[in-house]
Q: 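Here you go, one structure.
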Amino acid sequence: MPPPHIGRFVFFTYLCTVLRRLFFIISLFSLTCNAQNTNDWQENLRQWIERENVESSSVENFFDVLSEKAEHPINLNHTTREELELLPFLTTQQIEQLLEYINRYGPMRSFGELIMLTTLDLERRQLLKNFVYIGDSPQKDNKLRLNSIFKYGKQQIMFTGRIPMYERRGDKKGYLGYPYRHTLRYQFNYHERVKFGLTGAQDAGEPFFSNNNMLGYDHYSYYLQLKDIGRIENLCLGMYQVQLGMGLIINGGFFLGKNATLQSMGCTTATLRVHSSRTTEGYLQGVAATFRLGKQWRITSFASYRSLDATLNKDGTVKTLLSSNYHRTPTEIEKKNNTHEYDLGGCIEWRKGTFYTCTNILYTRLDRQLHPPKENTPYRRYTAEGNDFINMSIDYGYTNTKLSFSGETAINRLGALATIHQLSYRLNPQLTLIALHRYYDKKYTALHAKSFSEGSSIQNEHGVYGGLSWQPFNNLTFNWYADYAHFAWKRYQVSLPSDAFDTMILARSLLNNKWRIEGRYRLHIRQKDNQEKTMLLNCIEQQVRLVLNYDSPFNLSLKTQFDGISVAYKEKDRGWMLSEKAVYTWRWLQFSANVAYFHTDNYESRLYQYERSLLYDFSSLMLYGKGLRYALMTRADLGKHLMLIAKMGVTDYFDRRVISSGQQQIDGSSMADIDIQIRYKL
C-alpha cells in the first residue's frame, strides 16, 4: 500500500509503474525456453540457513562450494569422511553411521537404503540426494593419464551480470568505473581428481581495463587441485582455504550460528579445499597439500603469500585491515594491495577408528606493522598488533553412533589461551542433546580464527551453550538452544564487563505430503552502555517467525511467512514483515516469484529477506522502514549445454525519497536490479 496521503492519481501512477516492471521482466522470461526441472536443494538449504539471520557475506563462499558439489555429486560408494563433512546438514554421527554401513554391508544399490540409517531423518535424506549419487565402487587407480583427463573432463563457462535500473551519486561523479557488476567463471573437473578454474569478479563502480586496473577484472580467483596421487591425498595450487580443528587458529571455510550448530551437532568442515568464489575473504594463496603417511597418520602443510587492503596510519603502519575490497574511487584504490601477508602452517593428524587428534601450527607475518589506534578506545586494548603472529593448537575428538565429542585448545605467542569443547549424545532415535563450552582469553589473538562465539571475534568470551533436537513423531520436530556468554573486558559500546543470553525454540511439522508449518521464537539479551556510559542497560531483542509451505500436485510450491521483531534498549522499536514466495515448474520452465511488505520503526528493528537467486549466489536483503520488495526469476536449460537465468528485483520504499547515503545515495524511493546468468557446458 502507498502512503495514506498519496492521492488516487499518484496511486494509479504507482500501480502502472509496478505493472510495467512486471511486464518487462516477463518479456525477459520469454527469451528463455526448453528448461528442465532443477533441484530444490537451494530452497531447502535457504530455509535451513535463514533460521540464523546471518548476512549473505558469511554464507556466499560456502553456498558456492555446495553449488559446485550439486553439479559434481559425491559417489556414496566411493567417498571419504572429508567429502561428507562438506555437507553442513550432516552430523558427525550420521557421517560415521553412513561410512560404517557401507563398510559393513558393501556398496549401496539405491537411495532406499538410506532409511536404514537410524540417525538420518527425512529432511536430511531429501537434502542428501541433491549432493550424492549411488554408483559402482571404482577400481583404485592412482595414475592420471592426460588423454583421459582431457577426453572425459567436464568444462563449463559462466557469465553473471547485474544491471541497476537507478543511478547512484557515485555513478554521476566519484566512481571510476561503470555501474554494472559482473563475473566470469571457468571450471574444469575430471572425476573430482583434477580441478582447475579461473573466476574474474567486478563490483559496480570499479574500473575495467582502465585507470589503475589494466588487467580487466578487479579480482581474480584461480586454482589447480589434484587428488589421490600416490601418498598425496590433496594438492592445491593458487587460491585455497584451510580449516584446522574447530577454527581457533584458522578457519577459511564456513561457519553458521547457534541453531545450525544444534542441527549439525558440531560437525566441522573439511581441512583443505580450493577457493573458486568471487569473494575476497578467507582464502590463502600459494600451495597446500595433505599427505597420507599410513593408515593412521596424515600431514597437511601450506605456504601462502597474498596482498591485503588496509587503511594506514601517518607513519605507514596499518590502522585497519579491510575486507570490503571495493576499489571504486581514488581513495579506495590507494588502499588496494598496500600490505602483504605471509602464512606458513600445517597439522599432523592421527586417527584410529573414530578417535582422532591433531597438532596444528600457524605463523603469520605482515610486511607492515599492525598498529590499530587505542587512544580513547579502551575496548581495543587487547586487539592484535605487531608484525609476527604465532598460534598453536591441539584438537581431538571421538564419535560413535550415539556419542560425539570434539574440542580444540589453542595458545598465541603471548601464551593466552582459547579453548572450545562440544559434546552431543543421542539418547534415542528421537532425542539428541548437545552441550558446548568455550573460553577465549581477552589477550588471545588470531588473525584467521573463526569459530563458535557470541561476539564478533575469538577473544574476550566465556560461554556455555546447551540444546536439544527432539522428534516425538515422524512429522514433528522441536529444536531448542540456550546460550550464556560473559565478557570480562570492555567491548564496543560496552564500557564495563558484560553478559549476553540467547535462547530459541523452533517447531516444524509436516502436516501431510503437501503442507508444512514452522514456528520460531528467539530471545536475545545483550548489555550496552547507557547514554552517560555510567551503567549497562539490557538490550532485549525478541523475534518471531511463522512459516506455512504448500506443495501442490501441479508442480507449484507456495511459502507464506510472517516475521516480527521487538527491540527494547533506550526505546522500544518494533517491526514486521509479511512475505509470499511461489515456485512453479512446468516441463522446460521454472518460474519463481516473491513479494514482501515490511514495516519497521528504524534500522534497529531491521529484518532479513532471503530470495531465490542465481547459481553460486546466496541472496540476503536487509530491510527496514516501510516498503515493498518483489522479485521475479526464471531458469531455462536449453538442451544439455546451455542454461539461462533472468531475474528482476525491486524495492519500493514508502517512507523516504532518498535511499542510502554518500556515494551510494540514490535520489529516489525505488531501486530495481536485473540479474542475468548464462552458463555453457563445453
Side-chain angles (χ1 to χ4, degrees), residues 44-54 88-94 118-124 127 246 255-268 402-406 420-438 451-455 461-486 499-511 516-526 538-549 561-567 608:
N44 293 334
L45 195 66
R46 282 187 178 93
Q47 293 177 14
W48 186 75
I49 290 176
E50 69 180 3
R51 296 163 190 154
E52 302 292 346
N53 270 4
V54 290
F89 49 85
L90 291 181
T91 70
T92 305
Q93 292 98 326
Q94 290 166 348
T118 57
T119 58
L120 274 179
D121 54 30
L122 176 62
E123 182 180 23
R124 286 179 172 87
L127 271 173
M246 299 181 73
F255 193 86
L256 281 171
K258 299 172 183 178
N259 188 53
T261 296
L262 176 62
Q263 296 184 65
S264 62
M265 297 301 166
C267 181
T268 58
K402 286 186 173 294
L403 175 70
S404 174
F405 168 79
S406 61
I420 181 172
H421 296 88
Q422 74 87 21
L423 173 69
S424 63
Y425 185 72
R426 186 167 169 263
L427 292 174
N428 53 56
Q430 291 77 38
L431 180 61
T432 303
L433 307 177
I434 185 172
L436 185 146
H437 170 266
R438 75 271 189 192
S451 189
F452 187 100
S453 67
E454 165 69 22
E461 181 172 334
H462 187 192
V464 179
Y465 168 96
L468 63 85
S469 179
W470 181 38
Q471 190 175 14
F473 307 102
N474 290 333
N475 60 351
L476 181 62
T477 302
F478 290 98
N479 287 339
W480 168 84
Y481 74 76
D483 182 62
Y484 166 77
H486 175 71
D499 302 283
F501 177 75
D502 186 9
T503 185
M504 188 204 72
I505 184 168
L506 171 72
R508 301 193 308 275
S509 177
L510 181 65
L511 302 180
R516 289 171 293 157
I517 189 171
E518 177 180 312
R520 184 189 76 172
Y521 171 77
R522 183 183 183 187
L523 171 66
H524 197 186
I525 303 175
R526 293 163 292 173
N538 288 331
C539 177
I540 304 174
E541 180 178 317
Q542 300 180 77
Q543 298 180 23
V544 63
R545 172 174 292 168
L546 298 173
V547 183
L548 180 64
N549 289 275
Q561 180 171 310
F562 172 82
D563 289 273
I565 187 171
S566 171
V567 181
Y608 292 88

Q: Does any part of the side chain of Arg516, heavy atoms only, come nearer than 4.5 Å to the side chain of Arg508, both counted from C-beta?
A: no
Q: Any donor and acceptor pair, going by atom type alone, linking the side chain of Glu461 with main-chain N or O of Ser453 inside 3.5 Å?
A: no
Q: Got a second to check how far Leu468's CG is from Leu431's CG, nearest 0.5 Å?
A: 6.0 Å
Q: Hey, could you give me the CH2/CG distance between Trp470 and Leu433, rounded to the nearest 0.5 Å?
A: 12.0 Å
Q: Check the side chains of Asn479 and Ser469 for a donor-acceptor pair under 3.5 angstrom, ignoring hydrogens and angles.
A: yes
Q: Thr503 versus Tyr521: any side-chain heavy-atom pair under 4.5 Å?
A: no
Q: State, without any angle test, whether Asp502 and Tyr481 hold a side-chain donor-acceptor pair at a distance under 3.5 Å.
A: yes
Q: Please report the closest heavy-atom contact between Gln471 and Leu476, naming both atoms and the distance.
A: CG-O, 3.2 Å
Q: Write down the atom of Leu546, the atom of Gly519, and the distance for their closest heavy-atom approach.
A: CD2-CA, 4.1 Å
Q: How long is the straight-line distance from CG of Leu548 back to CD of Glu518, given to the nearest 0.5 Å?
A: 11.0 Å
Q: Among side-chain atoms of Gln422 and Ser406, is any donor-acceptor pair under 3.5 angstrom?
A: yes
Q: Quick one: pull up CG in Leu120 and CG in Leu90 and give me the separation to the nearest 0.5 Å.
A: 6.5 Å
Q: So which atom in Cys539 and which in Val567 form the shortest heavy-atom distance, rounded to 0.1 Å?
A: SG-CG1, 4.1 Å
Q: Quick one: CZ on Phe501 to CD1 on Ile525, what's the gap to the nearest 0.5 Å?
A: 6.5 Å
Q: In terms of ring plane angle, is the pair His462 and His437 parallel, tilted or perpendicular, where the classes change at 30° and 60°?
A: perpendicular
Q: Ion pair present between Arg526 and Glu454, side-chain N to carboxylate O less than 4.0 angstrom?
A: no
Q: Arg438 and Phe452: which non-hydrogen atoms are nearest, and at how many Å?
A: NH1-CE2, 3.5 Å
Q: What is the minimum heavy-atom distance between Lys402 and Leu427, and which atoms define it?
A: NZ-O, 3.8 Å
Q: Going by the rule side-chain contact (heavy atoms from CB on, under 4.5 Å), which residues pair with His486 if we only count those two or more places apart in sequence or in a different chain?
A: Tyr484, Ala488, Pro497, Asp499
Q: Rounded to the nearest 0.5 Å, how far does OH of Tyr465 lie from CD1 of Ile434?
A: 5.5 Å
Q: Is there a donor-acceptor pair closer than 3.5 Å between any side-chain N or O of Asn538 and the backbone N or O of Ile540?
A: no
Q: More than 12 heavy atoms of other residues, nucleotides or ligands under 6.0 Å from CG of Asn474: yes or no?
A: no
Q: Ignoring hydrogens, what is the shortest heavy-atom contact between Arg545 and Val547? Give both atom names and the distance.
A: CG-CG2, 3.7 Å
